[in-house]
Amino acid sequence: MLSAPHLNYALLAPILIILGAALLGVLVEAFISKALRSRLQIGISLIAVIAAFIQLIRVRNLTSTSAAVGSVAIDGAGIYIQLIILALAFVGLLYIADTDNFTAQASAIPGSTEEASSIAAGSQQTEVFPLTLFAIAGMMLFPIATDLITLFVALEVLSLPLYLMSGLSRRRRLLSQEAALKYFLLGAFSSAFFLFGAAFLYGYSGSLSLNGIADGVHSSGANSVFLLIGIIFLSVGLLFKVGAVPFHSWTPDVYQGAPTPITGFMAACTKAAAFGAMLRIFYVGFNDVQWDWKPIISAIAVITMVFGAIAAIVQRDVKRTLAFSSITHAGFILIAVVALSKNGLAAALFYFISYGFATLGAFGIVTLVRDSSGEITDLNRWSGLGKRSPLVASAFSLFMLSFGGIPLTAGFIGKFSVFTASYESGNINLVVFGVLTSAVALFFYLKIVLMIFFGESRSDTLTVVIPSILTRVAISICVIVTILLGVYPSLIFNSLQTFATFLH
């Protein structure tokens with residue numbers, strides 16, 4: 001006899017709050033006048049994220065437990081990852097609230113009279129807010145899901161809105177639509193690989209849950225080749241989302257073509273969610289077969305770090321440079337995955353924070369540097385920016401130095417903690433490659449800083465726009481977090497050590 005599934009709504013409330021707000025945003029789009037729609041959508045989105053954050057704080061001290069018939073794990077690491085995602089999403093929403101970055105009418109053909117009339121009428125694409133909330137809900141579910149079906153659903157819920165939002169740029173419409181199409185097609189392939197891997201793992205263990213797969217490793221007498229194939233294909237789907245080599249090809253094109261606020265949101269939040277899911281899968285489901293997958297992930301980590309750092313040196317577009325930088329950082333976080341220890345998990349969580357806020361801050365600065373055609377992303381035209389706007393140039397330089405791992409920034413603490421965890425777990429080779437790659441990456445970060453402050457201005461048309469109050473608040477938060485966690489990392493590092501546990 002079938003019984004009704006038991007759902008712990010108190011534990012699921014943060015995700016339900018975000019989903020409820022997203023549905024409310026859809027109703028606002030349908031029934032509220034255009035004059036009120038934008039402000040109402042902004043208010044709903046920000047209030048929902050704050051409410052979900054508060055609810056997570058309320059349940060953070062509960063003992064590790066499961067919800068939704070065991071398909072979701074509410075544990076220390078899961079709650080902390082969700083808190084990080086919500087904090088980053090809040091800053092991302094402050095950027096997205098500047099709707100000047102989005103096309104007036106997404107369905108209009110670029111350059112058409114329909115598009116021109118929409119712009120002249122002052123139309124705004126406010127559907128981006130419920131889409132963002134749906135993506136946030138998927139991101140929150142992804143790292144706490146404990147069975148492969150829930151993982152796949154969460155993956156699609158976070159991915160589909162991002163495919164759409166990547167094509168909503170107000171300017172460079174064709175480039176934006178091309179980015180959306182590439183992201184969608186390659187994302188569909190990665191989802192297929194994920195499902196294919198799930199099928200092999202189910203065939204091997206007879207279970208779709210991570211704990212069931214872990215138990216199957218001990219009890220199953222089946223051919224372990226199926227297990228290895230399942231791990232490989234499942235990893236392909238995850239490595240695509242984090243932009244690791246050789247599954248990175250979408251990253252520079254999508255980062256360049258998508259609206260800059262969406263690029264920042266995607267770069268920070270998606271990485272935290274995808275790596276959170278990857279950490280749970282490898283720490284819980286594949287822990288007892290680590291000698292099968294560690295060499296593969298270690299090799300990918302090295303290739304990702306080296307390729308990202310070298311490719312970034314030759315870039316001339318600031319968004320593409322940040323894209324290859326994000327690929328390099330994906331390699332650094334993979335080091336924490338390979339560490340397979342409590343310290344490695346804590347280091348990865350800290351890295352999500354340090355990298356996420358610096359990334360959001362850097363892309364926020366990009367939205368301010370413009371000419372009559374919109375954002376200026378040509379790095380050569382950024383030369384001498386420090387003379388035009390010392391404050392903006394200083395903030396961007398701070399984020400570059402944090403990416404490079406300079407002391408007294410959060411990025412330095414993040415890299416140091418990851419390398420320490422890797423060294424303690426015996427992966428000394430990864431530490432060596434990581435340090436060498438950091439030195440190479442530091443070269444192009446410092447090159448950008450020197451060009452901004454000491455280069456000759458090459459563009460008379462370059463201006464730094466006065467940001468809206470929401471953008472100012474967002475950039476200020478990123479600056480404060482980057483400095484504060486670089487000087488006083490113990491503010492959160494001690495709690496990270498406490499919460500860095502997965503429910504088994």
**Asked** Should the ring pair Tyr183 and Trp250 be called parallel, tilted or perpendicular, given that the plane angle runs from 0 to 90° and is split at 30 and 60?
**Response** parallel
**Prompt:** Any side-chain heavy atom of Thr409 within less than 4.5 Å of one from Phe403?
**Reply:** no
**Prompt:** Does Ala267 offer a backbone N or O that forms a donor-acceptor pair with the side chain of Thr270 under 3.5 Å?
**Reply:** no
**Message:** For a 4.5 angstrom cut-off between non-hydrogen side-chain atoms, does Tyr445 reach Leu401?
**Reply:** no
**Asked** Which class fits the ring pair Phe412 and Phe416: parallel under 30°, tilted 30 to 60°, perpendicular over 60°?
**Response** parallel
**Request:** Fit a plane to each ring of Tyr355 and His329, take the angle between them on a 0 to 90° scale, and name the class: parallel (under 30°), tilted (30 to 60°) or perpendicular (over 60°).
**Result:** tilted
**Asked** Does any N or O in the side chain of Thr304 come within less than 3.5 Å of the main-chain N or O of Thr328, such that one atom is a donor and the other an acceptor?
**Response** no
**Prompt:** Does Trp293 reach the main-chain N or O of Ile231 with its side chain, forming a donor-acceptor pair under 3.5 Å?
**Reply:** no
**Asked** Just wondering, do Met278 and Leu239 contact through their side chains at under 4.5 Å, heavy atoms?
**Response** yes
**Request:** Verify the neighbour count for atom CZ of Phe453: are there more than 12 heavy atoms of other residues, nucleotides or ligands below 6.0 Å?
**Result:** yes
**Prompt:** Would you call the rings of Tyr255 and Phe363 parallel, tilted or perpendicular if under 30° counts as parallel and over 60° as perpendicular?
**Reply:** perpendicular
**Asked** For the residue pair Phe226 and Tyr204, is the inter-centroid distance of their aromatic rings smaller than 6.0 Å?
**Response** no
**Prompt:** Looking at residues at least two apart in the chain, or sitting in another chain, which of them share a side-chain contact (heavy atoms from CB on, under 4.5 Å) with Asp253?
**Reply:** Lys182, Arg320
**Prompt:** What about Tyr95 and Phe265, are their ring centers closer than 6.0 Å?
**Reply:** no
**Item:** Distance flag, aromatic centroids of Phe196 and Phe200, threshold under 6.0 Å
**Value:** yes
**Prompt:** Among Ile300, Asn427, Ile296, which residue meets the side-chain contact (heavy atoms from CB on, under 4.5 Å) test with Val338?
**Reply:** Asn427
